[in-house]
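Below is one structure, written out as structure tokens; comments come after it.
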Amino acid sequence: DIKILKFKLPKKGDVHIILSNEEAFPFNNRKEVRLYVGRDLKIKNKRSGKIYEAFLRDISISGAGFIIDDNNDLKLKDFLHLVFYEPKFDKDVMKIRNIKYSLDCIVVRFEKTIDNKTLVGCQVVNQSQKILDLIDETTSNPKKVENSKEMSYQKLKYDKMAKNINKKK
């Protein structure tokens with residue numbers, strides 16, 4: 001039995017609580033530390049030339065996962081160019097700036113989620129030093145690692161439950 005409860009919290013907005021009799025276990029295909037990113041993402045499909053907007057869930061040294069609307073032309077082995085922005089504090093000007101990150105990858109898996117969305121798994125083909133530095137910088141900070149691990153674990157639990165809900169339909 002899975003139940004999804006929706007609440008509206010002051011200053012936070014809508015939140016969802018997922019209740020289940022089953023315990024969810026994280027599973028990591030990539031075998032590396034995944035950095036939960038949670039940012040908007042622009043995707044260019046090199047095969048079709050189409051550009052999409054999606055939600056970048058996580059990145060690692062060897063891969064990336066994002067959630068996209070089902071209405072797309074992505075296929076296994078498509079070559080994609082991903083671009084996202086990460087806010088960073090610039091000490092020189094005492095301001096937060098959005099730093100652009102990009103990576104090239106190949107689609108290796110699809111997984112349907114709820115609300116007409118698809119989780120897409122990609123294998124990175126040309127990892128940039130900038131992305132490696134972002135992963136290293138975040139994973140070397142224990143507080144950021146815990147936040148990223150907790151967010152990734154929560155996402156994995158959500159993904160498993162969403163998959164179970166889809167199976168029951």
Side-chain angles (χ1 to χ4, degrees), residues 18 24-90 96-167:
I18 301 171
F25 297 98
F27 180 76
N28 186 354
N29 288 324
R30 288 185 235 150
K31 308 289 188 242
E32 282 123 11
V33 173
R34 292 181 187 220
L35 174 64
Y36 175 77
V37 180
R39 300 277 177 229
D40 290 334
L41 176 68
K42 293 275 189 198
I43 302 164
K44 180 169 185 180
N45 185 337
K46 299 286 189 159
R47 177 183 52 79
S48 69
K50 292 184 179 176
I51 296 175
Y52 298 100
E53 291 184 4
F55 178 79
L56 180 60
R57 191 176 88 163
D58 60 67
I59 57 174
S60 69
I61 291 171
S62 65
F66 61 87
I67 298 170
I68 189 168
D69 288 331
D70 283 346
N71 186 18
N72 66 70
D73 74 336
L74 299 181
K75 296 182 174 137
L76 285 176
K77 299 184 181 178
D78 270 354
F79 185 73
L80 307 177
H81 180 72
L82 311 180
V83 175
F84 67 98
Y85 293 85
E86 182 72 17
K88 295 280 182 187
F89 184 73
D90 186 337
I96 294 177
R97 296 189 184 272
N98 284 324
I99 308 300
K100 180 180 179 179
Y101 292 90
S102 63
L103 58 113
D104 295 322
C105 60
I106 296 173
V107 176
V108 294
R109 73 181 179 94
F110 295 101
E111 191 174 311
K112 294 287 184 195
T113 65
I114 55 177
D115 300 331
N116 298 318
K117 305 275 185 201
T118 300
L119 172 62
V120 180
C122 294
Q123 181 178 8
V124 174
V125 279
N126 292 321
Q127 188 63 274
S128 74
Q129 188 60 49
K130 215 166 151 182
I131 296 272
L132 295 174
D133 291 344
L134 174 66
I135 293 168
D136 185 53
E137 170 191 316
T138 304
T139 56
S140 64
N141 179 330
K143 183 148 181 72
K144 286 185 180 178
V145 169
E146 282 310 308
N147 288 342
S148 183
K149 280 182 184 173
E150 178 60 24
M151 291 302 290
S152 292
Y153 180 69
Q154 295 302 325
K155 287 286 184 190
L156 288 168
K157 283 184 6 182
Y158 169 81
D159 291 344
K160 181 178 180 195
M161 288 179 198
K163 196 177 198 179
N164 288 337
I165 289 170
N166 285 338
K167 283 181 186 175

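Between D78 and K46 there is no salt bridge, since none of the side-chain N atoms of the basic residue sits less than 4.0 Å from a carboxylate O of the acidic one.
Here the NZ-CD1 distance, from K88 to I99, works out to 8.0 Å after rounding to the nearest 0.5 Å. Interatomic distance, N98 CG to D90 CG, rounded to the nearest 0.5 Å: 12.0 Å. Separation of atoms OH (Y85) and NZ (K42) is listed at 9.0 Å; rounding is to 0.5 Å. With values rounded to the nearest 0.5 angstrom, N72 atom CG is found 8.0 Å from D69 atom CG. Considering SG of C122 and CD1 of I43, their distance stands at 7.5 Å, rounded to 0.5 Å. How far CG of L80 is from CD1 of I51: 12.0 Å, rounded to the nearest 0.5 Å.
The environment of Q129 atom CD is dense: over 12 non-hydrogen atoms of other residues, nucleotides or ligands sit within 6.0 angstrom. Atom CD of E86 has more than 12 neighbouring heavy atoms from other residues, nucleotides or ligands inside a 6.0 Å radius. Enclosure of atom CG in D73 by more than 12 non-hydrogen atoms of other residues, nucleotides or ligands within 6.0 angstrom is indicated. With a 6.0 Å radius and a threshold of 12 heavy atoms from other residues, nucleotides or ligands, D40 has its CG atom at or below the threshold.
The side-chain contact (heavy atoms from CB on, under 4.5 Å) test with N126 singles out one residue from D104, L103, I131, and that residue is D104.
The shortest non-hydrogen separation linking G38 to F55 is CA-CZ, 3.4 Å. The minimum heavy-atom distance between L119 and G65, with the atom names listed, is CD1-C, 4.4 Å. Considering all non-hydrogen atoms of both residues, C105 and V124 come closest at CB-CA, 3.9 Å. Taking both residues in full, the closest heavy atoms of E53 and I68 are given as O-CG1, 4.0 Å, listed atom of the first, atom of the second, then distance.
Formation of a donor-acceptor pair under 3.5 Å by the R109 side chain with backbone atoms of L76 is not found in this model. In this structure a side-chain-to-backbone donor-acceptor pair under 3.5 Å is missing from D115 to K117. N45 places a side-chain N or O within donor-acceptor distance of the main-chain N or O of R47, the cut-off being under 3.5 Å. In this structure, S48 contributes its side chain and K50 its backbone to a donor-acceptor pair below 3.5 Å.
Within the 4.5 Å cutoff, the side chain of H81 has heavy atoms near those of the V83 side chain. T118 is not listed as a side-chain neighbour of T113, based on a closest heavy-atom distance of 4.5 Å or more. Annotation: side chain of L134 is in contact with side chain of L35 (closest heavy-atom distance under 4.5 Å).
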query: Could you go step by step and tell me if D70 and F110 meet the side-chain contact (heavy atoms from CB on, under 4.5 Å) rule?
result: CA-CA 10 Å; D70 283 346; F110 295 101; over 6 Å; no
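Judged by a 6.0 Å distance limit and a 45° cone about the ring axis, K130 is positioned over the six-membered ring of Y101.
Remark: Y52 pairs with no residue by the ring-ring contact (aromatic ring centres under 6.0 Å, His included) rule, at least two apart or across chains.
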